[in-house]
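Have a look at the structure below before the remarks.
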Amino acid sequence: MSFSPQLVNLGNYLAGEFDNKEQALGEPIWFVHLRLWQRPVGLFSDDSITLFAEQANIVNLDRPYRQRILRLMPAPDSETGLYVQYYMPKNPSALVGAGRYPELLKTLTPQQLELLPGCVLSVSQKTVAPNSYQFTASPLPDTCCTFSYLGNTVQVSLGFAVTETELQTYDKGIDQETGKATWGAIVGPYRYTKREQY
């Protein structure tokens with residue numbers, strides 16, 4: 001299947017190695033210095049572009065966490081709209097370090113992933129310069145992104161904005177009792193700069 005230019009651009013913009021060094025140095029009280037890897041993987045390639053994402057504190061690069069899969073695809077009810085569907089590895093520990101060592105992803109199959117039905121983002125696009133765009137991804141109305149992790153039910157709020165060189169992430173953990181954010185982008189987005197294109 002041939003992909004739309006919008007989908008290809010979104011995939012290219014999201015694929016790469018990122019960090020938020022400038023933000024972490026400027027606001028160390030609020031933001032940890034993180035490295036983020038988002039690597040293309042050959043899953044669901046008949047109708048979508050799929051990325052494996054993982055992050056690590058810069059002082060503990062050998063202990064990455066938050067392994068997840070982003071499936072970028074056309075919105076079924078729109079000729080130009082895009083969706084991002086999230087998946088979680090059923091065995092995240094088997095993929096620890098795959099951001100740095102992508103050979104670990106070569107044997108990954110769809111059967112090793114758990115679909116997260118409420119974890120879907122709708123993506124809008126705007127032109128910021130000739131052949132340059134910003135994509136903004138927001139949760140669908142009336143959806144709740146929850147999943148089980150280490151025996152606990154976890155609720156998260158997801159979102160991002162990305163250009164060719166920068167990625168802002170709005171992901172945060174939500175306390176299900178109070179509805180308040182407990183970790184992540186509590187005081188504003190994490191602002192990453194792309195350091196390497198994948």
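Every heavy atom of this structure was used, including side-chain atoms; hydrogens, water molecules and symmetry mates were not. In this text the structure is predicted, and so the values were computed from the model without any measurement.
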Do Glu103 and Arg39 pass the salt bridge (Lys or Arg N to Asp or Glu O under 4.0 Å) test, and can you show the C-alpha distance, the side-chain angles, and the key distance before you say yes or no? CA-CA 11 Å; Glu103 60 273 11; Arg39 289 198 176 268; over 6 Å; no
Stepwise side-chain contact (heavy atoms from CB on, under 4.5 Å) test for Ile174 and Lys180: CA-CA 5 Å; Ile174 304 296; Lys180 293 186 175 174; over 6 Å; no
Can you tell me how far apart [atom1] ([X]) and [atom2] ([Y]) are? Round to the nearest 0.5 Å.
X: Ser157; Y: Lys172; atom1: OG; atom2: NZ; value: 4.5 Å
X: Gln85; Y: Ile69; atom1: CD; atom2: CD1; value: 12.0 Å
X: Tyr87; Y: Cys119; atom1: OH; atom2: SG; value: 11.5 Å
X: Cys145; Y: Leu140; atom1: SG; atom2: CG; value: 11.0 Å
X: Gln155; Y: Thr182; atom1: CD; atom2: OG1; value: 9.5 Å
X: Tyr133; Y: Asn12; atom1: OH; atom2: CG; value: 12.0 Å

For Trp30, does the CH2 atom have more than 12 heavy-atom neighbours from other residues, nucleotides or ligands under 6.0 Å away?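 Counting neighbours around CH2 of Trp30, 12 or fewer heavy atoms of other residues, nucleotides or ligands fall under 6.0 Å, so no.
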Atom CG of residue position Asn131 - does it have more than 12 heavy atoms of other residues, nucleotides or ligands inside 6.0 Å?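 Open: at most 12 neighbouring heavy atoms sit under 6.0 Å from CG of Asn131.
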Kindly work out whether a path of hydrophobic side-chain contacts (I/L/V/M/F/W/Y, heavy atoms less than 4.5 Å apart) joins [X] to [Y].
X: Leu70; Y: Val96; result: no
X: Tyr13; Y: Met73; result: no
X: Val84; Y: Val120; result: no
X: Trp37; Y: Ile58; result: yes
X: Leu115; Y: Val41; result: yes

Do Tyr170 and Phe160 have ring centres separated by under 6.0 Å?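 Ring-ring flag for Tyr170/Phe160: false, centres at least 6.0 Å apart.
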Would Lys194 and Glu166 satisfy salt bridge (Lys or Arg N to Asp or Glu O under 4.0 Å), going step by step from the backbone distance to the final call? CA-CA 6 Å; Lys194 182 176 284 190; Glu166 295 181 330; over 6 Å; no
Of all pairs that satisfy side-chain hydrogen bond (donor to acceptor under 3.5 Å, both in side chains), the ones with a partner from residues 138-147, not counting sequence neighbours: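 Applying side-chain hydrogen bond (donor to acceptor under 3.5 Å, both in side chains) to every pair that reaches into residues 138-147, excluding sequence neighbours, yields nothing.
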Dump the intermediate steps for side-chain contact (heavy atoms from CB on, under 4.5 Å) on Arg63 and Asn57, then the final yes or no. CA-CA 8 Å; Arg63 284 190 283 172; Asn57 187 311; over 6 Å; no
Side-chain (Asp19) to main-chain (Lys21) donor-acceptor, under 3.5 angstrom: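 Indeed, once roles are kept as given, a pair shorter than 3.5 Å links the two residues.
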Quick check: does any side chain N or O of Gln125 sit under 3.5 Å from a backbone N or O of Gln6, one acting as donor and the other as acceptor?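 Such a contact is absent between Gln125 side chain and Gln6 backbone.
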With a 4.5 Å cut-off on side-chain heavy atoms, are [Y] and [X] touching?
X: Phe135; Y: Leu14; value: no
X: Tyr192; Y: Leu34; value: yes
X: Leu95; Y: Leu105; value: yes
X: Lys90; Y: Leu113; value: no
X: Gln112; Y: Pro89; value: no
X: Pro139; Y: Leu121; value: yes
X: Arg68; Y: Gln55; value: yes
X: Leu158; Y: Tyr86; value: yes

For residues [X] and [Y], report the shortest heavy-atom separation together with the two atoms involved.
X: Thr193; Y: Glu22; answer: OG1-OE1, 3.9 Å
X: Ala56; Y: Pro64; answer: CB-CA, 3.7 Å
X: Gly99; Y: Phe52; answer: N-CE2, 3.6 Å
X: Ala185; Y: Gly188; answer: CB-O, 3.1 Å
X: Gln197; Y: Ala15; answer: NE2-O, 3.2 Å

Partner of Val123 under side-chain contact (heavy atoms from CB on, under 4.5 Å), chosen from Leu82, Leu72, Leu7: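 Among Leu82, Leu72, Leu7, the one that satisfies the side-chain contact (heavy atoms from CB on, under 4.5 Å) with Val123 is Leu82.
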Have a look at Leu43 and tell me which of Leu108, Ile49, Leu51 forms a side-chain contact (heavy atoms from CB on, under 4.5 Å) with it.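 In the set Leu108, Ile49, Leu51, the residue that makes a side-chain contact (heavy atoms from CB on, under 4.5 Å) with Leu43 is Leu108.
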Regarding [X] and [Y], is there a side-chain donor-to-acceptor distance under 3.5 Å anywhere?
X: Tyr198; Y: Gln38; value: no
X: Gln67; Y: Glu54; value: yes
X: Gln23; Y: Tyr190; value: no

Show your working on side-chain contact (heavy atoms from CB on, under 4.5 Å) between Asn20 and Arg191 and close with a plain yes or no. CA-CA 6 Å; Asn20 67 328; Arg191 299 177 184 274; 5.6 Å; no
Over-ring placement of Arg71 relative to Phe44, 6.0 Å and 45° cut-offs: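 Satisfied, under 6.0 Å and within 45°.
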Please lay out, stage by stage, how Asp171 and Val156 fare under the test side-chain contact (heavy atoms from CB on, under 4.5 Å). CA-CA 7 Å; Asp171 300 359; Val156 295; over 6 Å; no
